[in-house]
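Written below as structure tokens is the structure these notes are about.
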Amino acid sequence: MTRFDIIDGFTYQQIPGEGGVPIHVASSGEGPAVVLLHGFPQTHVMWRHVARDLAADHTVIVPDLRGYGRSGAPSGEDPATYSKRAMARDVIRVAEALGAPRFGLIGHDRGALVAVRAGVDHPEAVDYLGILDVLPTLDTWEVLHGVDAKVAWHLYLMAQPKGLPEKMIAAVAPEFFASFLDAWDPRGTTFSPQLREHYIAASVASVEAIVADYRATASIDLEMDRADRAAGASLAMPVGVISQDWGAQLGFDAAALWRAWASDVTYRPTTAGHFMAEERPEEVVALIRELSARRLASAR
């Protein structure tokens, strides 16, 4: 029977992350290490095409973020528990446990926010960053204005104080999570019925943790980004970005926003939908291989 919650050919284990939170992680391959971080409402399985391709010549590490999939989901009473700083430390500890003190780091959506925080906090560990279809936390909130910002309605819902958002989402959880898979997949062909059900079931089981993750982005994560901006912090490593053209709808220049955070930015718009690692994995693999090759060349 085919399983839709694993990546074929990868080895699975639980590795303690920050504070001992168990992180469910798949790994395979040999060569320079690259860590792939998934987005919402998904699990590490979204990387299956990209991960299998890269494993031919990379050590590929693919975790479920804390609170998602089969990773541990600690209580979110303390906002710091689901801060991107804590989640970035999960990544550092997982990579170190797998013998990769340095690695490339690629994130989609929520995972990209974790990747950015890891790049700011741990530049000694992150060789390069790949970002798929998101802006840094501070910029995300600053570009959302007026009725066009309704595309991000879920950000505002999950930013509310603990209690009501969780109850509202839990009441219609399958429909809630399915709505994003459907709305953000314009062709409606990216997910098989079984894979779609895997993502929905995994998210339904993680409502409180997912809300805590999003709530952190409207509080502690935003505070961290503001402090970094005030201090002039930046991303020292090469940064590659693939994104839909959200700027055309919301009135911003995505490439310019990223260049305010990093001096070495490659920005590529795509005609793929939000789930580009599954819809157009070849575009994502090409960016990662380019960033990895630049890192190897600079190390010679």
Side-chain angles (χ1 to χ4, degrees), residues 1-12 14 23-28 36-55 60-73 106-112 132-134 150-155 157-158 165-211 213-214 242-244 246 270-285:
M1 179 182 294
T2 301
R3 288 186 61 185
F4 293 90
D5 61 344
I6 65 169
I7 302 175
D8 291 339
F10 276 61
T11 298
Y12 281 80
Q14 296 271 332
I23 303 299
H24 184 64
V25 58
S27 60
S28 185
L36 309 176
L37 303 179
H38 68 85
F40 164 90
Q42 297 179 286
T43 69
H44 77 283
V45 178
M46 63 154 282
W47 291 110
R48 62 200 178 281
H49 305 307
V50 171
R52 287 195 292 257
D53 193 329
L54 290 175
V60 184
I61 300 168
V62 200
D64 283 332
L65 297 173
R66 67 165 57 195
Y68 290 78
R70 296 194 175 186
S71 286
I106 315 299
H108 174 251
D109 188 82
R110 309 303 297 167
L132 305 187
D133 216 34
V134 83
K150 66 181 182 294
V151 68
W153 66 276
H154 59 299
L155 300 184
L157 171 62
M158 290 190 274
E166 291 88 344
K167 290 179 181 177
M168 292 175 66
I169 293 168
V172 290
E175 294 88 350
F176 177 80
F177 294 113
S179 73
F180 299 101
L181 295 174
D182 297 339
W184 297 343
D185 179 22
R187 293 173 180 81
T189 57
T190 300
F191 312 118
S192 68
Q194 297 90 342
L195 184 61
R196 183 176 180 276
E197 180 55 35
H198 161 67
Y199 289 143
I200 293 170
S203 298
V204 168
S206 302
V207 169
E208 291 193 4
I210 290 172
V211 176
D213 168 31
Y214 273 84
I242 301 178
S243 182
Q244 298 178 88
W246 291 109
T270 182
T271 57
H274 181 64
F275 302 110
M276 54 193 68
E278 291 164 285
E279 184 182 344
R280 302 268 184 83
E282 67 281 359
E283 289 186 17
V284 177
V285 169

Euclidean distance, [Y] [atom2] relative to [X] [atom1], rounded to 0.5 Å:
{"X": "Arg196", "Y": "Gln42", "atom1": "CZ", "atom2": "CD", "result": "12.5 Å"}
{"X": "Thr270", "Y": "Gln244", "atom1": "OG1", "atom2": "CD", "result": "7.5 Å"}
{"X": "Met276", "Y": "Met46", "atom1": "CE", "atom2": "CE", "result": "9.0 Å"}
{"X": "Leu181", "Y": "Tyr199", "atom1": "CG", "atom2": "OH", "result": "8.5 Å"}
{"X": "Asp5", "Y": "Glu197", "atom1": "CG", "atom2": "CD", "result": "12.0 Å"}

For [X], give me all partners under side chain to side chain contact (heavy atoms under 4.5 Å, CB included), at least two apart in sequence or on another chain.
{"X": "Ala205", "value": "none"}
{"X": "Glu175", "value": "Val172"}
{"X": "Val50", "value": "Leu36, Trp47, Leu54, Ala277, Pro281, Val284, Val285, Ile288"}
{"X": "Glu279", "value": "Arg187, Thr190, Ala272"}

Partner set under salt bridge (charged side-chain N to carboxylate O under 4.0 Å, His left out) for [X], not counting sequence neighbours:
{"X": "Glu278", "value": "Arg48"}
{"X": "Arg52", "value": "none"}
{"X": "Asp64", "value": "none"}

Please report the closest heavy-atom contact between [X] and [Y], naming both atoms and the distance.
{"X": "Val62", "Y": "Ala51", "value": "CG2-CB, 4.2 Å"}
{"X": "Gly111", "Y": "Leu37", "value": "O-CD1, 3.5 Å"}
{"X": "Ala112", "Y": "Gly107", "value": "CB-O, 3.3 Å"}

Arg70 vs Thr43, test: side-chain contact (heavy atoms from CB on, under 4.5 Å). Steps then yes/no. CA-CA 9 Å; Arg70 296 194 175 186; Thr43 69; over 6 Å; no
Could you work out, with side-chain hydrogen bond (donor to acceptor under 3.5 Å, both in side chains) as the rule, every residue matching [X], not counting sequence neighbours?
{"X": "Asp53", "value": "Arg289"}
{"X": "Asp109", "value": "His274"}
{"X": "Arg280", "value": "Thr271, Glu283"}

Can you check side-chain contact (heavy atoms from CB on, under 4.5 Å) on His108 and Phe275, steps first, answer last? CA-CA 8 Å; His108 174 251; Phe275 302 110; 4.2 Å; yes
Ignoring hydrogens and angles, tell me if any N or O in the side chain of Ser206 forms a donor-acceptor pair with the backbone of Ala209 under 3.5 Å. no
Could you list the residues that satisfy ring-ring contact (aromatic ring centres under 6.0 Å, His included) with His44, not counting sequence neighbours?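 Result, ring-ring contact (aromatic ring centres under 6.0 Å, His included) vs His44: Tyr12, His24.
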ring-ring contact (aromatic ring centres under 6.0 Å, His included) with Phe180: which residues, sequence neighbours excluded?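 With sequence neighbours excluded, Phe180 shows a ring-ring contact (aromatic ring centres under 6.0 Å, His included) to Phe40, Trp153, His154, Phe176, Trp184, given in chain and number order.
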CA sep, side-chain torsions, deciding dist, call: Val60, Phe10, side-chain contact (heavy atoms from CB on, under 4.5 Å): CA-CA 9 Å; Val60 184; Phe10 276 61; 4.0 Å; yes
Would you say Ile210 and Ser203 make side-chain contact, with heavy atoms under 4.5 Å? yes
What verdict does the side-chain contact (heavy atoms from CB on, under 4.5 Å) test give for Ile169 and Phe177, after you've listed the backbone C-alpha separation in whole Å, the side-chain angles of each residue and the deciding distance to 0.1 Å? CA-CA 9 Å; Ile169 293 168; Phe177 294 113; 4.2 Å; yes
